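All remarks here apply to the structure that follows.
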Amino acid sequence: MYLTKEEELILAGEYGYALQKAMEILVALGDIYGADRLIPIKSAQVAGGLLQKHW
């Protein structure tokens, strides 16, 4: 999957651990679904998610 320079930096961890893990997931999903690239969006909603604090 094609990544921009900024996306490559995110994947390499240059923007921190959380964004790196998120990009790893996006790239894996892109590979599974045969995506050529990521597309820019302005907003998104994640339904059915549960956030738990572990401290």
Side-chain angles (χ1 to χ4, degrees):
M1 187 165 83
Y2 170 79
L3 297 177
T4 66
K5 295 282 185 192
E6 184 174 25
E7 291 164 348
E8 289 178 357
L9 289 173
I10 294 169
L11 186 59
E14 295 295 321
Y15 289 79
Y17 180 78
L19 288 180
Q20 180 183 26
K21 292 301 160 191
M23 185 61 76
E24 288 175 359
I25 292 167
L26 291 173
V27 169
L29 288 171
D31 288 343
I32 289 168
Y33 291 108
D36 295 323
R37 62 186 172 85
L38 297 174
I39 58 170
I41 61 169
K42 293 186 183 217
S43 66
Q45 179 176 343
V46 178
L50 175 63
L51 175 64
Q52 288 184 314
K53 293 181 181 180
H54 296 282
W55 62 80

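The structure displayed is predicted, hence computed values, not measured ones.
Glu8 approaches Leu3 most closely through the heavy-atom pair OE2-O, 3.5 Å.
Leu11 and Tyr15 fall within a single hydrophobic cluster, where Ile, Leu, Val, Met, Phe, Trp and Tyr are joined by side-chain heavy atoms under 4.5 Å apart, directly or via other members. If you chain together hydrophobic residues whose side chains sit under 4.5 Å apart, Ile25 and Tyr17 never meet in one group.
Distance CE/Met23 to CD/Glu6: 8.0 Å, rounded to 0.5 Å. Distance check, rounded to the nearest 0.5 Å: CG of Leu9 to CG of Leu19 gives 11.5 Å.
Side chain of Gln20 to main chain of Ile10: no donor-acceptor pair is present (N/O by atom type, distance under 3.5 Å, no hydrogens or angles).
The shortest side-chain heavy-atom distance between Met1 and Leu38 falls under the 4.5 Å cut-off.
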